[in-house]
Amino acid sequence: MIKFFIDDMPVEAKPGETILNAAKKIGVYIPHFCYHPAFPPEGTCRMCLVEIEGAPKLELACSIQVREGMKIFTQSEKVVEARKGVLEFLLTEHPLDCPICDQAGECKLQDYYEEYGLFEGRYREDKDRQAKRVLLGKNLLHDQERCVLCRRCVRFLREVTKTGEMGVFERSNKTEVNIVEGRKIDNNYSGNLAQLCPVGAITDSDFRFKTRSWFLKRGETICPLCSRGCKISIQYFPGNPRFKIPKKVVRLQAEENPSVNGYWICDYGRYNYHYLNENRASEIISRATPRLGNWEEAEDFLSEKIKRLLYKKKTSRISLMMNSWLTNEEFFLIKKIFCDDLKVDEVYFVDPNDGESDDILMTSERSPNRRGAKEIGFELKPFVPEEFASKNIDVLLIFGSYLVEKAGPSGLMELFRGIKYRFVISPRKSELDSMVDISLPSVYPAEKRGSMVNVSGKIQHFDLVFNGPGCSRSEYDILLAIAKKIGLNFQYYSQFKDVKLIYEEMKKEISFFREEK
């Protein structure tokens with residue numbers, strides 16, 4: 001390890017580490033625009049200048065590697081003056097767009113000006129006007145006069161997607177970042193450019209003018225829209241009961257996870273978040289007689305139908321339709337309750353249809369936890385309507401609504417004709433609600449705690465970002481209530497007061513989860 005000093009604090013770092021990264025690890029933030037950990041240092045913005053004892057001039061923290069005995073100063077008088085000079089230079093032609101700029105509230109230029117600037121403008125000439133609201137392609141709009149030439153966007157398209165739709169053109173004060181003539185940005189990862197831009201030069205039309213960043217709350221989870229399981233943050237407006245404004249998700253962004261998605265997410269995961277806002281199941285729908293209006297009554301009704309078959313030793317007449325959006329903990333409970341305790345054999349998986357994939361992140365599987373279901377012991381038997389129609393089923397328990405996509409409403413009516421009792425547990429409304437005895441509202445992964453296994457075998461834990469709508473509950477809460485009411489192994493299921501305890505039990509019984517890395 002190399003020993004050196006940052007602002008008179010003794011620091012140790014590995015050989016080859018840059019000053020900027022070494023400072024970050026001890027909580028010393030060095031401002032920067034062009035630096036990004038995914039790219040080699042470029043040093044174009046000059047904002048990360050620091051003073052090194054014995055050096056004739058200020059040096060770039062993003063590219064200079066630490067050396068034994070080095071003494072670095074990040075807040076000296078020379079450094080502060082240099083940062084002010086860089087900011088004044090960048091702001092010379094920068095428009096006063098803050099009141100209408102989507103980056104306001106999370107803009108590095110604003111933050112650094114507040115910390116190092118606060119100076120009077122010395123220019124009386126009109127600012128140079130450049131093109132605004134230039135469509136770069138897909139959802140991206142470019143305000144060229146806001147650009148600080150950090151070149152992050154150019155490097156992303158050159159080094160990550162390798163599509164090269166943008167470049168740096170002209171020279172001197174005419175230099176600009178723009179798309180190559182005759183091309184538009186049209187790749188699966190274009191939305192990352194708006195997130196990469198530190199100053200709001202590239203904005204996303206999907207988010208543009210919807211709200212301000214300071215009104216939003218955020219939480220981290222994993223993306224369930226393919227089997228990669230990228231780490232994301234969900235940003236949402238929490239709602240306002242006084243004005244009857246509901247909670248609404250307005251933006252998804254990539255979060256760093258070196259072992260899964262690095263720093264990026266695909267556009268499919270970034271923009272298809274509306275399932276969290278629209279067509280949500282929020283209350284119990286009952287067609288049973290008598291009508292059931294609360295969770296206790298609904299769970300009693302469902303459990304009683306299962307117990308009746310148990311006493312008659314006819315649990316083979318129970319069937320489950322599952323999907324791979326369930327967590328490991330929920331799969332574990334289903335296997336213990338239905339497969340091990342009740343000896344149910346008719347277990348099918350009904351998942352979304354496969355989609356396109358690429359060689360970066362996106363996989364063809366549109367379910368996040370098929371690998372987890374396999375490791376827990378499910379065969380992932382696909383649902384085939386023609387084969388299912390010949391089965392003698394008394395109780396059918398359906399998780400999710402993908403069955404509608406597979407069989408269609410008219411086909412389902414034919415399939416359900418001989419089934420006495422039908423139940424659906426789903427986070428969204430569908431035609432199934434009118435075909436079953438009871439429809440129970442559940443939640444999506446962002447609205448519960450648990451874990452999933454991605455396509456590469458990586459176990460990922462996630463926490464609740466926000467609560468589901470209405471009286472919806474997580475599937476593991478519903479399953480535990482059913483298990484206790486059925487009465488088999490009551491003491492065993494009563495121990496699971498928290499989802500973490502279910503996972504600890506999984507580790508005891510399944511070697512794959514003991515080997516988590």
Side-chain angles (χ1 to χ4, degrees), residues 1-76 78-80 82-83 86 108 111-112 115-116 150-162 189 192 195-198 220 222 228-233 253-265 360-361 454 456-462 515-517:
M1 297 293 281
I2 295 174
K3 297 181 179 180
F4 56 101
F5 297 87
I6 295 179
D7 295 336
D8 296 324
M9 292 186 293
V11 184
E12 292 186 358
K14 296 178 181 178
E17 191 155 19
T18 63
I19 294 172
L20 191 148
N21 283 331
K24 183 179 178 180
K25 288 181 179 178
I26 64 168
V28 175
Y29 181 78
I30 298 175
H32 56 275
F33 289 109
C34 67
Y35 172 77
H36 191 281
F39 310 131
E42 189 163 276
T44 56
C45 73
R46 324 304 289 180
M47 195 67 198
C48 68
L49 292 169
V50 294
E51 185 176 0
I52 300 174
E53 188 177 82
K57 60 185 179 62
L58 300 182
E59 299 285 359
L60 294 171
C62 71
S63 59
I64 300 296
Q65 298 178 0
V66 296
R67 300 187 298 272
E68 187 70 33
M70 179 184 279
K71 292 187 177 180
I72 304 159
F73 302 96
T74 68
Q75 294 292 336
S76 67
K78 284 184 180 179
V79 169
V80 171
R83 289 173 184 168
V86 171
K108 286 189 174 184
D111 295 340
Y112 297 159
E115 186 172 358
Y116 299 103
C150 73
R151 297 172 171 83
R152 280 185 174 186
C153 51
V154 177
R155 285 181 284 165
F156 176 83
L157 294 171
R158 184 178 63 218
E159 298 175 25
V160 178
T161 65
K162 297 180 171 43
Y189 297 85
N192 291 286
Q195 186 175 344
L196 268 176
C197 183
E220 294 180 357
I222 64 173
R228 182 69 61 191
C230 298
K231 186 177 182 181
I232 59 171
S233 65
Q253 290 192 322
E255 293 294 330
E256 179 185 355
N257 188 344
S259 62
V260 178
N261 58 297
Y263 303 90
W264 326 115
I265 58 173
I360 301 178
L361 292 175
N454 81 345
S456 303
K458 174 72 174 178
I459 301 171
Q460 300 190 90
H461 299 268
F462 52 91
E515 298 165 2
E516 178 179 358
K517 296 179 182 180

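- The shortest non-hydrogen separation linking I64 to M70 is CG2-CE, 4.5 Å.
- Partners of S259 according to the side chain to side chain donor-acceptor pair (under 3.5 Å) rule, which considers only residues two or more places apart in sequence or in another chain, are N257.
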Determine all donor-acceptor pairs shorter than 3.5 Å in which one atom belongs to a side chain in residues 18-41; sequence neighbours excluded.
| residue | atom | partner | partner atom | Å |
| --- | --- | --- | --- | --- |
| T18 | OG1 | N21 | N | 3.3 |
| T18 | OG1 | N21 | ND2 | 3.3 |
| N21 | OD1 | Y35 | OH | 3.1 |
| N21 | ND2 | Y35 | OH | 3.2 |
| K25 | NZ | E17 | OE2 | 2.7 |
| Y29 | OH | Y112 | OH | 2.7 |
| H32 | ND1 | I30 | O | 3.0 |
| H32 | NE2 | K108 | NZ | 3.3 |
| H36 | ND1 | A38 | N | 3.0 |

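- Looking at Y189 and L361, their side chains come closer than 4.5 Å, going by heavy atoms from C-beta outward.
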For V79 and Y116, what are the C-alpha separation, side-chain angles and deciding distance, and is it a side-chain contact (heavy atoms from CB on, under 4.5 Å)? CA-CA 10 Å; V79 169; Y116 299 103; over 6 Å; no
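- A distance-only check finds no donor-acceptor pair linking the side chain of E255 to the backbone of E220 [under 3.5 Å].
- Under the 3.5 Å distance criterion, the side-chain polar atoms of N192 are matched with a main-chain donor or acceptor of I265.
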Pairs of donor and acceptor atoms involving the side chains of residues 43-61, under 3.5 Å and at least two apart or interchain, shall be tabulated with distances.
| residue | atom | partner | partner atom | Å |
| --- | --- | --- | --- | --- |
| R46 | NH1 | G43 | O | 2.8 |
| E51 | OE1 | S76 | OG | 2.7 |

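- Taking 4.5 Å as the limit, every side-chain heavy atom of E42 sits out of range of all side-chain heavy atoms of S63.
- Partners of R83 by salt bridge (charged side-chain N to carboxylate O under 4.0 Å, His left out), not counting sequence neighbours: none found.
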Residues 2-16 side chain polar contacts: donor-acceptor under 3.5 Å, at least two apart:
| residue | atom | partner | partner atom | Å |
| --- | --- | --- | --- | --- |
| D7 | OD1 | T74 | N | 2.8 |
| D7 | OD1 | T74 | OG1 | 3.4 |
| D7 | OD2 | T74 | OG1 | 2.6 |

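- Panel note: side chain N454, backbone C230; no donor-acceptor pair is recorded below 3.5 Å.
- Listed by first and then second residue, the side-chain hydrogen bond (donor to acceptor under 3.5 Å, both in side chains) pairs involving residues 150-161 are T161-T163 (not counting sequence neighbours).
- Of all non-hydrogen atoms in K231 and E256, the two that sit nearest each other are CD-O, 3.4 Å.
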